[in-house]
Amino acid sequence: MIDFYITMARTAVMEQFQYRTANYFYMIGMIAEPVIYLVVWSTVAAAQGGEVGGYTPGTFAAYYIVWTLVRNMNIVFTPYAWEWRIKDGTLSAELLRPIHPIHGDIAYFGGWKLVVIVLWLPLAALLSLLFRPTLSPTLLEIGVFAVAIWGAYLIRTAFLWALGMVSFWTTRVSALFELYFALELLLSGRLVPMSLLPPWAQRLADFLPFQWTFGFPIEALVGELPPAQLLGGLGMQLLWIAVGWALVQLVWRAGVRRYGAVGG
Amino acid sequence: MSTLDPAITVAELRKFYRVPVREGGLVASLRSLVRRRVREVRAVDGVSFTIAPGEIVGFLGPNGAGKTTTLKMLAGLLHPTSGEVRVLGHVPQRREREYLRRMTLVMGNRNQLQWDLPALDSFDLQRAIYRIPQAEFRRARDEYIELMGVGDLVSKPVRNLSLGERMKMEIIAALLHRPQVLFLDEPTIGLDVTMQRRIRGFIAEYNRRTGATVMLTSHYMADVEALCRRVIVIHHGLVLYDGPLTGLVERFAAYRQIGVTLAEPADLEPYGEVMGVDGAKVTLRVPKAEASRVTARLLAELAVEDLTIEEPPIDDVIEQVFAADADVGLEALPS
C-alpha cells in the first residue's frame, strides 16, 4: 500500500508540475477571498481601538495568510465530479482494480499538495511583505500545524467523498452540496475565526467536523493555544477522520450495491 | 479449482433493468409527477454457457444484444438479477481482490492511462496497483512493448499518441499483471486495419504464451475469424448459437454462392439471383436447399468452363442473423 501511495503521489507531482502555471494562477485567484476578509476585519479592528475579540490587524494578517495554505490543503475530489465519475466509466475502471478508489484519490491529491506547498511559499512571502503578520510560533505549534493540515485534508476527503456518493442515487444533488458548503463556510473558521462567532454558532460547530479542517490548523500556528488544546485538537481530528471513514465505508457499500444493480 | 474445471460458467444468467418511460410534452411531464411509469428491460434473459481454460471465444451480437451487460457481470461490475456466474471459481460480483488480480476487462473506450504522462509512468502505476514484483513487472512490460512494437512510443505523453497507439498502451497496461481471464469488449473499435491486425496478433500470442481464457466482442468479423474457433451469438438477451465459427455459417446461411465461368455468354437469371459479373465469371445466389439442383442444371444445360460453390461471407451471415426478428431467434435456439 505504501508503494501505491508513493507511486500515485509521484504521478500527481509529475502531472501537476506540468500545469504549474495554471496551478499558480488558480492559487493567485484564490487569494482574493482571504484578502477581502483581512481588509474588512483589519478595518473593524482599527475602528474598535486596534483589536476585535483578541485579534489585532497583525494577527488577522497571520490568520488569513496561513488560511491560504490551509484552503489549498482542503482541496479534495469535489462532490460535483461524482456524477461524471459514475457516468463516464471512470468508476467502472476503478472498481476493476484490487484497491479501494479512495486510496487513489488520497494519494493523488496528497501528491498534488506537495506541489501546492512549494508554489505557496513565495506567495506567502509576498503576502507577508504586504500585510505584516504577527506570527511567532513555538516548535510544538509548528509541529502540530504540520500534522493538522494533513488531518484536515483527510477529514475533508472523507466527508466530501460520502457527500459526493449521493450521486449513486440521484443526480439532482447540487442543492445539497450548496447547503453543505454554506454551513462549512460559516462554521469552519473560513469566513471568520471561530472565536468571533456567536456562542450558539460555536456550540453548533462543536458537533460538526468543519472547524477541524479550517480553524483548528490555522489557530494551531497563529493562536496561543496551550499544549493540551493543541494535542487535543489533533485527537479531535483523529476522531473525525474515524467518523468520516466509517461514513465512507457505509455509503460506499450501499452505493456500489446500487451501482451493481443499475449500472453507470 | 482443478485445471479440468471450466474457467467460466454461466447458468441461466439474467439482468433486468427498470427504466422510467414518459411521453413528451407538458401534460405527460405533470402526469409523471403523480404516477411514474417504468418499463422492464431484459438486457440478458437466461444466458448459459461454459468456457474451458485457454479458450478464445467470440461473443457476437448487434448493439443492445446484451454483450456488454454480460461481460460486466462476468467482471463483477454488475450484479445479476438471477442466475449463476463463476469465473476461475470466484463469484465476480463479490469483487474479491484475489479475483480482480486474476482478470482484466478492456473496453474500447476505457481510459486507464495518465493523459499527460508517458505510458511508461502509467505502467508503473499498474505495477503498484496490482503489487507486481519489480522483476516480473519489467519482464512483462518489455515483452509486451516488443510484441506490440511500441518501443519508440512509450516515452511520449499519452495525449500525443493516436487512437490506435493509445489502445495498444491500454492493452499492455491491462495485461501487466498477467491475468488468466481476459474480457475484451471491442478492443479494435475505430482502428485501422494494420492496428487491428497487430492487436489481434498480440492477443493470440498472449493466449498462446500464458494459456489465458479470452472472451472477445467485436463488430469486425476479421477479429473473430482470426482469433476464435468458437463463437457465442447473443441477440435480445438470448443465446442464438454456441459452437464453432464454421458451424455458424452452416447453420444460418440460407444461401450459397455459385461462381460460374461460361465459354459463351448466357442469361443466368432463370438459375438464381445474379450478384455480380466479373468478365466471364458470374456470381449467383441460390437458396441453400437448391444449390445442388441448380449446379446440376448449369452443368447440363450450359457450356461451363469453371464452377465453384461457396459459403457466403461470414459478415453477411451475421448480418442476416441479426436482421432477423426476435421470434426467428427463438426458433433458432439450439434445442
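Numbers restart at 1 for each chain; the letters A, B, ... are given by sequence-line order, proteins then strands.
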Determine whether the aromatic ring centres of [X] and [Y] lie less than 6.0 Å apart.
X: A:F4; Y: A:H103; value: no
X: A:F77; Y: A:Y108; value: no
X: A:Y153; Y: A:F109; value: no

Take a 6.0 Å sphere around CG of A:L139 and say whether it holds more than 12 heavy atoms from other residues, nucleotides or ligands.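 Not buried by this count: 12 neighbours or fewer within 6.0 Å.
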
Within a radius of less than 6.0 Å around CZ of B:R131, do more than 12 heavy atoms belonging to other residues, nucleotides or ligands occur? no

Looking at A:I6, A:I99, A:L95, which has the largest count of heavy-atom pairs under 4.5 Å with chain B?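 Among the listed options, the one with the most contacts to chain B is A:L95.
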
Measure distances from [X] to the heavy atoms of chain B and classify the residue's part below 4.5 Å as side chain, backbone, both or neither.
X: A:E15; value: both
X: A:R10; value: side chain
X: A:Y5; value: neither

Mutual orientation of the aromatic rings belonging to B:Y206 and B:Y144 [parallel < 30°, tilted 30-60°, perpendicular > 60°]: perpendicular

Which class fits the ring pair A:H100 and A:W161: parallel under 30°, tilted 30 to 60°, perpendicular over 60°? tilted

Go through the atoms of B:M103 and report whether side chain, backbone, both or neither lie under 4.5 Å from a heavy atom of chain A.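 Contact with chain A: side chain only.
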
Taking side chain as everything from C-beta outward and backbone as N, CA, C, O, which of these in B:Q114 sits under 4.5 Å from a heavy atom of chain A? Side chain, backbone, both or neither.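 B:Q114 touches chain A through backbone and side-chain heavy atoms alike.
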
Give me the one residue out of B:E98, B:R95, B:R102 that meets side-chain hydrogen bond (donor to acceptor under 3.5 Å, both in side chains) with B:H90. B:R102

Interface residues of residues 11-18 of chain B facing chain A - heavy atom cut-off under 4.5 Å: B:K15, B:Y17

Does the Lys NZ or Arg CZ of A:R190 fall within the cation-pi geometry relative to A:F210 - under 6.0 Å from the ring centre and within 45° of the axis? no

